[in-house]
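Single-structure report; data block below.
All figures in this text were calculated on a predicted structure; none of them were measured in a lab.
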Amino acid sequence: MRQLCALSFAALILMPLGAADAHAQPTPPANLRIVGESPDDGFGWHVAPAGDVDGDGATNLIVGAPASDALTAFAGRVYLFQGPYARLYPAAGATRTLSTPTFGDNLGFSVALAGDVDGDGQPDVLMGARGNDAAGIQAGRAYLFRGPVTGTTVEDADAVISGTAFEEVGRRVASAGDLDGDGHDDILLGTEIGGPADEGRVYVFNGPVSGSLTIGDATAVIHGAVADDALGASLAAAGDLNGDGFGDIVVGAPRTIALGGTNGPGRVFVFHGPFKGEVPASSAAAILTGELANDNFGIAVAVGDVNADGVADVVVGADQLFRDDGTGKAYVFHGPLAGSIQAANADAILRGTAVDDLFGGSVATADVDGDGRSDVIVGALGSAVTSGRGYVFRGPLSGSIPAGAATFIARGSSGDELGRSVSAADVDGDGRPEVIFGATSLANHGSGYVAVYAYPFPVSAAESPRSRTSAPARPRAAR
């Protein structure tokens, strides 16, 4: 059995970088940096923990590069990494590389740990190719690979789910946990442009899932409330929030509720499983509504126990992409949640630093310091004119908190877009998750990378930990 902890991050950080390090390190330097294969491939667009998908007992990472031209233009590629790692690690050294030979597929636009969908005790992985045209122009596809993952192309997938024309299934994929209590994990496919009026759709497939399927085979379909809702732009499994023995989910709709012809503030919906048939967004157990028009509230969602009370809390990103004065925000709502809730009444509001930071465009939770509380991880890919930043706020959190008061801040170099995606996983095998930031480097036509930081975090001269007090250009991957 391979042991990731064979070379600890404490040792790695003392190792000099080799000549292959063609890119400036983020500030402060990452404990581990995985570098994409080629410029403009969008490596790091989406990164997620992948469990032990190769059966060797080690935690894996899954990273998408949706603009990869390795086989053909904009086809995309997905990488699985198992370690052990040197401090600077090339994407070409991935344990498994999954590709598609089809132009414009954008494979890797979204990636996720699917959970144990087939019930064999090993985790499975899920990935989206939102540009696939096999079932119609921009119909999109999602691919499920059962662990241990084998094969090298999407043709080796254990399940293929196709959308319909212009729906772009595969924009967002996620595990739903076990929604129906049958011992199999279920999966979610979100498409914010789904439906006749772009109200958005979330397709629920109860496990086990195998073979060639279409969205018509979904167990349930959750519909956006009104035109241009963009329901399904973000997804998260929430565990069993109401104690009924079934899994629950959180879904973002960042443009819901049109105001005077503009995009609305956005909403987030909390649904209690199980699901079957047609499910309107209005049937959600809790509906969270953003503060102002064009906030993009719900562009990202995550779930964790930030205040350690044994009840899951919901974190919502609002990057304010469409606001001329927007810096971005992230909101923490302590569970349990029910009914109608206004974002202004959140238990904590984290605020971006400068206009166009896109703070809150990605969010995640993990107990990175081992104190029993979930910490909040936030990406701001537009910060300092697309250098990007990644933030960690240690729980518990309350009140209004400026981004500069974060426990830890990682800063990208010019054009890196650090924080395009954020996640956490126990990469070094020490029993505690590390913080992970994806940096696509599309703004500087560079090779993207994934930066991994271990707690206790490094400190640079420009930033220091805080005490626990409260107080885009269109990517090449789009065609």
- Item | Residue pair D105, T100: steps toward the side-chain hydrogen bond (donor to acceptor under 3.5 Å, both in side chains) verdict | CA-CA 7 Å; D105 268 12; T100 174; 2.9 Å; yes
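- Heavy atoms only, all atoms of each residue included: W45 and F109 are closest at CD1-O, 3.2 Å.
- No side-chain donor from either of E155 and Y143 sits under 3.5 Å from a side-chain acceptor of the other.
- No donor-acceptor pair closer than 3.5 Å links the side chain of N296 to the backbone N or O of I299.
- When each of I62, L98, D124 is tested with F145 by the rule side chain to side chain contact (heavy atoms under 4.5 Å, CB included), just one qualifies, namely L98.
- The main-chain N or O of A439 is never found under 3.5 Å from a side-chain atom of D416 such that the two would form a donor-acceptor pair.
- Between the N106 side chain and the P66 main chain, a donor and an acceptor come within less than 3.5 Å of each other.
- Applying the side-chain hydrogen bond (donor to acceptor under 3.5 Å, both in side chains) definition to pairs two or more places apart or across chains, those involving residues 381-392 are S383-R389.
- Between the side chain of D69 and the backbone N or O of F74, at least one donor-acceptor pair lies under 3.5 Å.
- Taking the side chain as every heavy atom from C-beta outward, P90 and V35 never approach each other to under 4.5 Å.
- Checking each of R172, R171, R130 against E192 for a salt bridge (Lys or Arg N to Asp or Glu O under 4.0 Å) leaves exactly one that passes, namely R171.
- Between Y455 and F408, the distance from one ring center to the other does not fall under 6.0 angstrom.
- Residues passing the salt bridge (Lys or Arg N to Asp or Glu O under 4.0 Å) test with D356, sequence neighbours excluded: none.
- Under a 3.5 Å cut-off, the side chain of D116 and the backbone N or O of G121 do form a donor-acceptor pair.
- D426 places a side-chain N or O within donor-acceptor distance of the main-chain N or O of G431, the cut-off being under 3.5 Å.
- Within the 4.5 Å cutoff, the side chain of V202 has heavy atoms near those of the L231 side chain.
- What you find for A67 and D40 is that their closest heavy atoms are CB-O, 3.4 Å.
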- Please test R146 against D158 for salt bridge (charged side-chain N to carboxylate O under 4.0 Å, His left out), starting from the C-alpha separation and ending with a verdict. CA-CA 6 Å; R146 292 199 296 259; D158 295 287; 3.5 Å; yes
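- The shortest side-chain heavy-atom distance between R373 and V306 does not fall under the 4.5 Å cut-off.
- Under the 3.5 Å distance criterion, the side-chain polar atoms of S374 are left unmatched by any main-chain donor or acceptor of G304.
- Minimum heavy-atom separation, A424 to A366: CB-CB, 3.4 Å.
- Counting heavy atoms from C-beta outward, V154 and L107 have side chains that approach closer than 4.5 Å.
- No hydrogens or angles considered: nothing links the side chains of T191 and R201 as a donor-acceptor pair under 3.5 Å.
- Evaluation of the salt bridge (Lys or Arg N to Asp or Glu O under 4.0 Å) rule for R141 yields no partner, not counting sequence neighbours.
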